[in-house]
*Asks:* 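Right, I'll just put the structure down here and ask away after.
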Number of protein chains: 2
Amino acid sequence: MSDTMFNELRTTRIYEKIVLQIRHLIKEGKLKPNDRLPAERDLAKTLGCSRTSLREACRVLESEGLIVSKPGGGRFIQKVDERVPVNVHFNPVDVLEKSAVMHFIEAREALEPSIAAFASERAEEKDIKKMEAALKAMEEKLKNPDEKVDADSNFHLALAEATQNFVFVSLMETNLSMYRPVRKQTLQSEERYEQSLQEHRAILNAVKRKDTQAAVDAMNVHLHHIRENVLKERD
Amino acid sequence: MSDTMFNELRTTRIYEKIVLQIRHLIKEGKLKPNDRLPAERDLAKTLGCSRTSLREACRVLESEGLIVSKPGGGRFIQKVDERVPVNVHFNPVDVLEKSAVMHFIEAREALEPSIAAFASERAEEKDIKKMEAALKAMEEKLKNPDEKVDADSNFHLALAEATQNFVFVSLMETNLSMYRPVRKQTLQSEERYEQSLQEHRAILNAVKRKDTQAAVDAMNVHLHHIRENVLKERD
DNA sequence: TTTATAAATTGGACTGTCCAATAGCCCAAC
DNA sequence: GTTGGGCTATTGGACAGTCCAATTTATAAA
């Protein structure tokens with residue numbers, strides 16, 4: 001008899017359901033950054049649960065950095081680049097300082113060439129379309145630094161999704177959001193942004209041609225420039 | 001005047017302090033896996049807080065996979081390998097079914113050669129010791145499948161720590177714990193376990209010699225065998 | 001020794017209460 | 001027209017107490 005024959009049955013707590021629901025609403029865009037959640041007492045009534053259970057759910061979302069609670073004010077959906085977990089082990093300032101930035105880049109250098117390779121082999125029509133949309137967004141010379149980073153992120157996430165491997169998607173999601181402040185800074189330069197755009201185009205073309213080697217090469221060039229740029233900033 | 005001149009002042013909630021404290025105790029080893037936390041009512045009294053605040057803290061720790069709550073039983077520190085966040089987006093059952101297992105392996109194949117390379121360049125004395133300890137644990141021919149997986153995980157985590165890059169550590173932690181059930185199954189075979197042991201030894205030796213190429217090669221051999229073994233199991 | 005049963009323990013959930021911080025408003029001072 | 005003080009309703013923070021269900025432990029019976 002196998003250990004994995006039976007599934008451990010876990011009773012779902014109320015707070016878990018609430019967490020799932022609110023997180024889903026955020027992901028779907030139904031709850032946008034800076035939106036205010038209904039007052040604790042009201043929302044609890046709406047959900048048909050006690051204040052206690054709702055609060056437990058809010059604590060989890062808060063600790064994940066998805067919402068912030070302001071006594072007397074209310075609860076608000078966090079902006080994407082301010083989603084710093086409350087109980088995170090390292091200070092957000094540390095992410096900007098020291099060598100922490102390089103850590104994220106090293107991880108990308110390990111992950112993204114493989115992602116580019118798998119994407120070129122497995123990309124489906126919908127993935128290509130997502131990547132093209134992200135590229136188009138980048139080409140529209142966005143003025144807002146936040147929009148720039150978003151467009152850039154969306155491209156790399158779409159590429160990860162094209163691998164049809166959810167592990168890569170999840171790893172890239174984590175990585176990209178973590179050092180977003182830095183990326184915001186480096187993408188500000190007009191010429192760097194233009195260069196980055198061209199590199200993305202090269203990657204997409206290689207993926208469309210299903211040319212694995214070209215995709216990996218283009219990604220390596222891109223990563224190399226990212227590293228160069230960060231090193232330049234740090235002087 | 002700079003935006004960053006003033007720091008936003010945030011009042012620390014009670015639950016946050018509790019989370020920090022318990023997480024610290026776990027990290028320090030004062031609270032070991034399978035240890036039972038004092039009963040909710042008792043611990044609240046000890047901490048000098050209400051049951052509510054303690055519960056909020058436990059929800060966060062629970063959602064992070066650090067503890068599990070058993071109604072009627074108590075709260076227990078989770079084993080390292082079973083620290084699967086409660087609100088994770090994909091079902092653990094799905095991890096076993098379908099092609100999901102290969103996804104984790106693909107991610108490891110992308111990450112671990114790089115990890116081996118960085119580890120061989122940056123490993124410190126304490127990292128080497130940790131890896132040696134994990135190897136010794138493996139050599140002790142453990143009977144319990146859980147202990148086997150633990151020893152195996154500890155080796156790979158120690159290797160990740162040797163990169164001195166917390167991003168790699170965090171990525172490996174997630175990956176290893178996710179498809180633990182499968183690894184438990186594949187490591188059951190006595191001969192596969194023996195082989196795996198030798199491969200780990202080869203990796204460690206290369207790291208100790210600071211021979212980057214050898215470390216990467218040894219890791220690739222290891223990953224190749226893992227892939228082979230999983231493919232065999234699935235027939 | 002084993003098994004069935006009862007009692008104590010423990011987490012899950014809810015209600016109601018009190019407090020402190022905040023937002024919104026009006027108004028006086030300049 | 002702007003600033004700052006003061007009042008009030010709102011909102012999150014925290015707590016105590018209650019009830020329930022699952023689990024463990026102790027107890028009694030076979």
Side-chain angles (χ1 to χ4, degrees), chain A residues 6-22 26 31 33-78 82 85-87, chain B residues 1 6-22 25-26 31 33-78 82 85-87:
Chain A
F6 301 101
N7 295 321
E8 188 182 1
L9 34 86
R10 258 185 31 81
T11 55
T12 312
R13 284 82 203 243
I14 291 181
Y15 90 95
E16 290 179 39
K17 293 181 186 171
I18 302 176
V19 167
L20 260 351
Q21 184 172 344
I22 295 183
I26 295 175
L31 286 175
N34 285 328
D35 277 2
R36 213 192 79 162
L37 284 179
E40 196 176 274
R41 293 164 176 81
D42 299 340
L43 185 52
K45 186 165 287 184
T46 305
L47 293 171
C49 70
S50 70
R51 246 184 105 188
T52 323
S53 293
L54 175 56
R55 283 172 67 76
E56 288 172 8
C58 287
R59 292 318 194 189
V60 173
L61 292 168
E62 188 176 56
S63 77
E64 291 173 350
L66 291 178
I67 65 176
V68 281
S69 306
K70 292 186 184 177
R75 291 202 169 90
F76 301 86
I77 310 295
Q78 272 288 59
E82 285 173 4
V86 168
N87 289 306
Chain B
M1 192 190 71
F6 300 102
N7 295 321
E8 190 180 1
L9 32 85
R10 253 185 37 79
T11 55
T12 312
R13 283 81 205 243
I14 291 181
Y15 90 94
E16 289 180 38
K17 293 180 186 173
I18 302 176
V19 168
L20 260 351
Q21 185 172 342
I22 295 183
L25 287 172
I26 295 176
L31 285 175
N34 284 329
D35 277 2
R36 214 192 78 165
L37 284 179
E40 196 176 275
R41 293 163 177 81
D42 300 339
L43 186 51
K45 186 165 286 183
T46 305
L47 293 171
C49 71
S50 69
R51 249 185 101 187
T52 321
S53 294
L54 175 56
R55 282 171 67 77
E56 288 171 8
C58 287
R59 294 316 195 189
V60 173
L61 293 168
E62 187 176 55
S63 77
E64 292 173 350
L66 290 179
I67 65 174
V68 281
S69 306
K70 292 187 183 175
R75 292 202 168 91
F76 302 86
I77 310 295
Q78 271 287 59
E82 288 173 0
V86 166
N87 289 305

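Predicted, not measured: the structure shown is a model, and the values here were computed from it. Residue numbers start from 1 in every chain, and the chains themselves are labelled A, B, ... in the order their sequence lines are given, proteins ahead of strands.
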*Asks:* So, is A:R55 near the phosphate of D:dG13, with a side-chain N or O under 4.0 Å from OP1 or OP2?
*Replies:*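 The answer is yes; a side-chain N or O of A:R55 sits under 4.0 Å from OP1 or OP2.
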
*Asks:* Starting at CZ of A:R13 and ending at C1' of D:dA22, how long is that distance when rounded to a whole Å?
*Replies:*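 Result: 11 Å.
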
*Asks:* Expressed in angstrom and rounded to an integer, what is the separation of B:I14 atom CD1 from C:dA20 atom P?
*Replies:*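 It works out to 13 Å between those atoms.
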
*Asks:* So what does B:C49 touch, heavy atoms closer than 4.0 Å: a base, only the sugar-phosphate, or nothing?
*Replies:*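 Here B:C49 touches the backbone only, sparing every base.
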
*Asks:* Taking OH from B:Y15 and P from D:dG13, how many angstroms apart are they, rounded to a whole number?
*Replies:*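 Rounded to whole Å, this separation is 8 Å.
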
*Asks:* Over all strands shown, is B:R75 touching base, sugar-phosphate only, or nothing at heavy-atom distances under 4.0 angstrom?
*Replies:*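 Touches sugar-phosphate only.
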
*Asks:* On DNA chain D, nearest-nucleotide positions of B:R51 versus B:E56: which is more 5'?
*Replies:*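 Taking each residue's closest nucleotide, the earlier one in sequence belongs to B:E56.
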
*Asks:* What is the distance from CZ of B:R41 to C1' of D:dC19, rounded to the nearest Å?
*Replies:*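 These atoms are roughly 11 Å apart.
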
*Asks:* On DNA chain C, nearest-nucleotide positions of A:S50 versus B:D42: which is more 5'?
*Replies:*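 Checking each residue's closest nucleotide, the 5'-ward one belongs to B:D42.
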
*Asks:* With a 3.5 Å distance limit and no angle check, can you tell me whether A:R55 reaches the backbone of A:E40 through a side-chain donor-acceptor pair?
*Replies:*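 No.
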
*Asks:* CG of A:L61 versus C1' of D:dG12: gap in Å, rounded?
*Replies:*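 It is 15 Å, rounded to the nearest whole Å.
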
*Asks:* Quickly work out the A:F76 CZ to D:dT10 C1' distance and round it to whole Å.
*Replies:*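 My rounded result for the distance is 12 Å.
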
*Asks:* So does B:R59 get a side-chain nitrogen or oxygen closer than 4.0 Å to the phosphate oxygens (OP1/OP2) of C:dA13?
*Replies:*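 Result: yes.
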
*Asks:* Out of A:I14, A:T46, A:L47, which residue meets the side-chain contact (heavy atoms from CB on, under 4.5 Å) rule with A:L54?
*Replies:*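 So, applying the side-chain contact (heavy atoms from CB on, under 4.5 Å) to A:L54 and each of A:I14, A:T46, A:L47, only A:L47 qualifies.
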
*Asks:* Would you mind reading off the distance between A:L43 atom CG and D:dT10 atom P, rounded to a whole angstrom?
*Replies:*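 Atom CG in A:L43 sits about 18 Å away from atom P in D:dT10.
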
*Asks:* Here's a test of your reading of the structure: between B:R36 and B:L54, which maps to the more 5' nucleotide of DNA chain D?
*Replies:*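 Closer to the 5' end of DNA chain D: B:L54.
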
*Asks:* Got a second to check how far A:R13's CZ is from B:E62's CD, nearest 0.5 Å?
*Replies:*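 With rounding to 0.5 Å, CZ (A:R13) is 5.0 Å from CD (B:E62).
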
*Asks:* What is the distance from NZ of B:K45 to P of C:dT9, rounded to the nearest Å?
*Replies:*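 Value for this atom pair: 13 Å.
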
*Asks:* How far does OG of B:S63 sit from CD of A:E64, to the nearest 0.5 angstrom?
*Replies:*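 The CD atom of A:E64 is 5.5 Å from OG of B:S63, to the nearest 0.5 Å.
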
*Asks:* Here's a test of your reading of the structure: between B:E40 and A:P71, which maps to the more 5' nucleotide of DNA chain C?
*Replies:*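 Looking at the nearest nucleotide for each, B:E40 comes out on the 5' side.
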
*Asks:* Taking OP1 and OP2 of C:dC14, is either one under 4.0 Å from a side-chain nitrogen or oxygen of A:S53?
*Replies:*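 Checking A:S53 against C:dC14: at least one side-chain N or O falls below 4.0 Å of OP1 or OP2.
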
*Asks:* When we call it a touch if two heavy atoms are under 4.0 Å apart, what does A:T52 touch: a base, just sugar-phosphate, or nothing?
*Replies:*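 Base contact.
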
*Asks:* Are side-chain heavy atoms of B:Q21 and B:K17 found at a separation under 4.5 Å?
*Replies:*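 No, side chains not in contact.
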
